[in-house]
2 protein chains.
Amino acid sequence: MTGGRPRSETSRLAILDAARDLLLERGYERLTIDAIATRAGVGRQTIYRWWASKSAVVADAALEGDLAPPLVPPPDTGDIETDLRGWLRAWTHRLTTAESTGFILALTAATADDRAIADILYDRFTRPHEQLLRDRLELARVAGQLAPDAPVSTIAGVLIGSMLYRVLSRQAPPTADDADLVVGLVFHGSGNRGRRTGI
Amino acid sequence: MTGGRPRSETSRLAILDAARDLLLERGYERLTIDAIATRAGVGRQTIYRWWASKSAVVADAALEGDLAPPLVPPPDTGDIETDLRGWLRAWTHRLTTAESTGFILALTAATADDRAIADILYDRFTRPHEQLLRDRLELARVAGQLAPDAPVSTIAGVLIGSMLYRVLSRQAPPTADDADLVVGLVFHGSGNRGRRTGI
DNA sequence: CGATTCCGAGACAAACCGTCTCGTAATCGA
DNA sequence: TCGATTACGAGACGGTTTGTCTCGGAATCG
């Protein structure tokens with residue numbers, strides 16, 4: 001039951017590296033299993049043996065490669081707004097590098113292609129970042145820096161979603177200023193009642 | 001210069017209809033020009049003559065078919081928050097039908113695939129809706145219902161982007177409650193200073 | 001050492017691609 | 001009315017990619 005030649009870690013890494021490189025060179029649509037196998041110096045069957053689809057390979061490559069923003073919790077200086085401002089600035093900056101943008105576009109195509117891949121990517125890429133935000137926001141809420149009924153999950157989703165939307169629309173990518181504006185918005189709103197002046 | 005057989009409107013519509021149907025049946029990745037031509041009862045060359053790529057056909061099909069939410073301006077009752085709440089609820093509802101969701105996923109894949117398509121879709125689909133929001137928000141700002149320095153464009157982007165993000169992540173689709181929460185957030189914020197209580 | 005499992009390589013049929021070429025159909029200007 | 005022009009449906013063509021299968025060899029276990 002247990003014997004036999006073990007899976008080659010060398011081949012596995014070569015495949016993921018090749019997929020990562022070709023993804024950035026060609027984009028998801030023009031990425032082929034054939035090209036991955038050739039560049040990795042691997043038989044095509046070795047890919048088909050371990051992954052069910054192109055999108056599955058891409059998902060693994062993205063998560064094992066250095067393409068996703070690092071999972072860094074927001075600091076806790078006691079000032080929630082400053083902490084989140086800095087965090088969202090850095091996160092947005094990581095998102096807007098050429099590599100990350102290509103990677104996000106490719107993964108979004110994979111997401112549209114395959115529901116299972118969408119779940120994997122959300123679980124392993126987006127959700128952890130949202131969770132870090134939620135945790136920090138919950139701390140602030142308990143500390144009385146947010147309204148007691150502040151919709152913590154919604155806020156986290158708005159911060160992440162707004163920036164990702166800007167990347168996906170492929171128009172003006174989000175800047176540090178954009179991050180600041182969104183953070184200011186979710187904390188102070190824009191209504192003319194109950195708003196600190198001078199931001 | 002001018003003579004010759006004119007372009008067949010019948011074939012054009014048959015192609016767009018076939019593309020639309022196949023898009024929803026199979027998704028973007030598994031949609032082929034071949035299948036579109038066959039279902040439309042049309043030669044493959046007739047498609048290649050008028051469209052440059054699969055994504056171009058899909059973009060036209062989506063915009064001519066009934067897949068995009070209708071372009072309805074937010075009402076102006078004088079109460080910006082109520083107006084936007086209703087508008088975003090309706091917009092979100094349209095977005096979360098099975099047809100619209102499939103269409104958005106397919107178009108997002110096309111967007112990732114092709115920069116030119118991204119521009120076309122943003123210009124003809126997303127931007128007009130954002131513009132309607134911006135216009136209504138600007139009216140409110142001038143009327144003193146928003147802070148004088150309210151970042152009108154950012155607000156519009158946050159409203160649209162947050163909802164689209166929820167659709168694209170393919171986890172819990174956005175509900176009317178989510179729309180309400182986001183509208184409340186951008187108007188009142190969630191900070192514990194300068195916030196109306198009881199929402 | 002023998003059983004087992006993976007390996008790289010490549011043959012194979014099927015699908016789709018984008019281009020090209022038919023013969024025909026529709027519209028224009030003369 | 002008639003020739004020039006352009007689009008049409010159909011399908012042939014070579015090229016690429018797909019996913020499956022098979023081969024001989026390599027690695028690991030008991």
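Convention: sequence-line order gives letters A, B, ...; per-chain numbering from 1. Heavy-atom basis, side chains included; hydrogens, waters and symmetry copies ignored.
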Undergrad: Looking only at the side chain of B:Gln45 (C-beta and beyond, no hydrogens), which of the listed nucleotides D:dT17, C:dC20, C:dC17 gets closest?
TA: C:dC20
Undergrad: Let me know which of B:Thr154, B:Leu84, B:Leu137, B:Leu159 forms a side-chain contact (heavy atoms from CB on, under 4.5 Å) with B:Val186.
TA: B:Leu159
Undergrad: In terms of the angle between their ring planes, are A:Trp87 and A:Trp91 parallel, tilted or perpendicular, with boundaries placed at 30° and 60°?
TA: parallel
Undergrad: Any side-chain N or O of A:Thr46 less than 4.0 Å from the OP1 or OP2 oxygen of C:dG8?
TA: yes
Undergrad: Indicate whether OP1 or OP2 belonging to D:dC8 is found under 4.0 Å from a side-chain N or O atom of B:Arg49.
TA: yes
Undergrad: Find out if a path of hydrophobic residues (ILVMFWY) with successive side-chain heavy-atom gaps under 4.5 Å connects B:Trp50 to B:Leu16.
TA: yes
Undergrad: Within the structure shown, what part of the strands sits under 4.0 Å from B:Asp34 by heavy-atom distance: base, sugar-phosphate, or nothing?
TA: sugar-phosphate
Undergrad: Can you tell which of C:dA26, C:dG18, C:dC7 lies closest to the side chain of A:Arg7?
TA: C:dC7
Undergrad: Atom CZ of B:Arg44 and atom C1' of C:dT21: how far apart are they, to the nearest Å?
TA: 13 Å
Undergrad: Which whole-number value in Å describes the distance from A:Trp50 CH2 to D:dT20 P?
TA: 16 Å
Undergrad: Whole angstrom is fine here: how far is it from CZ in B:Arg5 over to C1' in C:dA26?
TA: 5 Å
Undergrad: Map A:Ile33 and A:Gly4 onto DNA chain D by nearest heavy atom, then report which one ends up closer to the 5' terminus.
TA: A:Ile33
Undergrad: So A:Leu168 and B:Thr111, do their side chains get closer than 4.5 Å, heavy atoms only?
TA: no
Undergrad: Let me spell it out: for each of B:Lys54 and B:Pro6, pick the nucleotide of DNA chain C with the closest heavy atom. Which residue's pick is nearer the 5' end?
TA: B:Lys54
Undergrad: Within this structure, what is the CZ-to-C1' distance between B:Arg30 and D:dT18, rounded to whole angstrom?
TA: 14 Å
Undergrad: Rounding to a whole Å, what distance do you find between A:Trp51:CH2 and C:dC6:P?
TA: 13 Å
Undergrad: Whole Å only: how far is the CZ atom of A:Arg12 from the P atom of D:dA27?
TA: 20 Å
Undergrad: Checking A:Arg44 side chain against A:Ile33 main chain: does a donor-acceptor pair fall under 3.5 Å?
TA: no
Undergrad: Without decimals, in angstroms, what is the distance between A:Ile47 CD1 and D:dT18 P?
TA: 9 Å
Undergrad: Among C:dA9, C:dG8, C:dT19, which nucleotide has an atom closest to any side-chain atom of B:Tyr48?
TA: C:dT19
Undergrad: Let me know the distance between CD of B:Glu29 and C1' of C:dC16, rounded to the nearest Å.
TA: 13 Å
Undergrad: Should B:Ser11 be listed as having a side-chain N or O under 4.0 Å from OP1 or OP2 of D:dG9?
TA: yes
